[in-house]
Amino acid sequence: GSGTLMVNGATVTTQGTLDLANTGAAIVVSSGTLNFNNSTDVTVPSLRLTGGTLGGTGNVTVSGAFDVTGSYANLVGSGMLTTEGTSTLNMANVSGGYLGIGRNWVNRGTLTIGGDDFAYLGYPSGTGVTLTNASGATLNLATTHAQPLLHYTGTTTLQNAGTLNQLASGSHTVTASAFHNSGTVNVQAGTLGLSAGGSDSGSYSVSEGATLAFAGGTRTLEASSTTTGSGTLMVNGATVTTQGTLDLANRSEEHTPELQ
């Protein structure tokens, strides 16, 4: 149909035909659970979480808008979530609201974390999860929260092959178990801290007045990598080896790091 499928306080598991992709029907999950256990991949035109849980073993693609608003919400299950349109995490009515990411998620569109909210990586399942910002996609960190992508438990990975923009002033740290960058990271405002190690074949650009902080783990800025800008590179607790282009106005080492 072309109306709205709403899950509000119920637990619903789908295994049969769910033909919403061509009808424009919206899916809204609020204070309930919607499990996609379909054996074939499911595509839906839009998805809104105003609370509740999206779960299941099946792969789900959201071709249009994916919005998380109004309350706490969770993504769980062994299936893959792929978003292709504009995705927004901005829980306007919740102070410090969060989205628990307990399943693998590939962003192929534009994902913005706004307000004062954050994504809780590995919550509530505690299993290994990866958030991938695919080639050609954009991840905007516009939230005022100090830890916009916060590690809960298990092995959590942030994989950036597209463009990641740090947009909010103040200090912000990504605490995933690993951060891999083969795309572009733009630190346009504030401080973007990376508390774990990972691989770096892409680029970092740090604007004037902004700071990129390597705050833990071991990183090698590979020969293909570039780190440029008029801002500050800070190494604070990490071991960083540079092999590529390093052209920054300011470089700072604190405590006992290594910058080679």
Side-chain angles (χ1 to χ4, degrees), residues 68 72 88-92 94-101 107 110-123 131 133 138-153 156-160 162-181 183-198 200 202-219 221 225-240 242 246-259:
V68 184
Y72 304 97
T88 303
L89 171 57
N90 192 348
M91 298 174 173
V94 178
S95 176
Y98 64 81
L99 172 65
I101 302 179
N107 171 50
T110 298
L111 168 60
T112 300
I113 303 176
D116 59 354
D117 304 323
F118 67 100
Y120 215 170
L121 300 172
Y123 183 87
L131 173 59
N133 191 45
T138 300
L139 171 58
N140 295 317
L141 301 182
T143 177
T144 59
H145 198 280
Q147 296 176 311
L149 293 166
L150 175 61
H151 170 79
Y152 174 65
T153 190
T156 59
T157 302
L158 176 59
Q159 175 77 54
N160 179 53
T163 299
L164 188 156
N165 298 315
Q166 168 58 44
L167 302 175
S169 60
S171 182
H172 311 273
T173 303
V174 173
T175 64
S177 302
F179 173 69
H180 304 299
N181 179 42
T184 299
V185 175
N186 297 313
V187 187
Q188 299 181 21
T191 296
L192 176 63
L194 303 174
S195 67
D200 291 286
S203 66
Y204 293 93
S205 175
V206 188
S207 298
E208 183 177 2
T211 299
L212 171 64
F214 294 129
T218 300
R219 315 192 67 83
L221 304 178
S225 71
T226 61
T227 305
T228 60
S230 54
T232 299
L233 171 64
M234 177 179 289
V235 179
N236 183 3
T239 297
V240 179
T242 66
L246 184 63
D247 184 10
L248 278 159
N250 300 293
R251 199 171 72 190
S252 173
E253 298 181 35
E254 294 189 359
H255 303 303
T256 55
E258 295 182 25
L259 179 59

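Within the 4.5 Å cutoff, no side-chain heavy atoms of T228 are placed close to those of L246. Put simply, the side chain of L141 does not reach to within 4.5 Å of the side chain of L167, judged on heavy atoms. Side-chain contact check for V206 versus T232: every heavy-atom pair is 4.5 Å or farther apart. Between R219 and T239 the shortest side-chain heavy-atom distance does not fall below 4.5 Å. Between Y204 and L164 the shortest side-chain heavy-atom distance does not fall below 4.5 Å.
The side-chain hydrogen bond (donor to acceptor under 3.5 Å, both in side chains) search around N181 returns N160, not counting sequence neighbours. The side-chain hydrogen bond (donor to acceptor under 3.5 Å, both in side chains) search around N140 returns T112, N165, not counting sequence neighbours. T143 pairs by the side-chain hydrogen bond (donor to acceptor under 3.5 Å, both in side chains) definition with nothing, not counting sequence neighbours. Residues that satisfy the side chain to side chain contact (heavy atoms under 4.5 Å, CB included) test with A176, not counting sequence neighbours, are L121, T156, L158, V174. The side-chain hydrogen bond (donor to acceptor under 3.5 Å, both in side chains) test applied to S203 returns T184, not counting sequence neighbours. A196 is linked by a side chain to side chain contact (heavy atoms under 4.5 Å, CB included) to nothing, counting only residues two or more places apart in sequence or in another chain. With sequence neighbours excluded, no residue forms a ring pair (Phe, Tyr, Trp, His ring centres under 6.0 Å) with F179. Every residue meeting the side chain to side chain contact (heavy atoms under 4.5 Å, CB included) condition with Q147, not counting sequence neighbours, appears here in chain and number order: H145, L150, T175.
At distances below 3.5 Å, not a single donor-acceptor pair connects side-chain atoms of N236 with backbone N or O atoms of A215. Of the possible polar contacts, one joining the Q166 side chain to the A168 backbone as a donor-acceptor pair under 3.5 Å is found. Of the possible donor and acceptor atoms, none in the side chain of N107 sits under 3.5 Å from a partner among the backbone N and O of L139.
Between D200 and S225, the shortest heavy-atom distance links the atoms O-CB, 3.8 Å. Shown here for G216 and A238, the closest heavy-atom pair between the two residues is N-CB, 3.5 Å. Considering every non-hydrogen atom in both I113 and A119, the closest pair reads CD1-CB, 4.4 Å. Nearest heavy-atom pair, A189 versus S169, reported as atom, atom and distance to 0.1 Å: CB-N, 4.2 Å.
Taken to the nearest 0.5 Å, the CG atom of L194 stands 6.0 Å off from the CG atom of L212. Once rounded to the nearest 0.5 Å, the distance linking CZ of F214 with OG1 of T227 reads 6.0 Å. The CG atom of L111 sits 7.5 Å away from atom CG of L89, with the distance rounded to the nearest 0.5 Å. Separation of atoms OG (S205) and CD (Q188) is listed at 8.0 Å; rounding is to 0.5 Å. Of the inter-residue distances, the one linking Y98 atom OH with D117 atom CG reads 11.5 Å to the nearest 0.5 angstrom.
Aromatic ring orientation, Y123 versus Y152: perpendicular (interplanar angle above 60°, classes split at 30° and 60°).
When each of V187, L233, T191 is paired with T211, the side-chain contact (heavy atoms from CB on, under 4.5 Å) condition holds for T191 and for no other.
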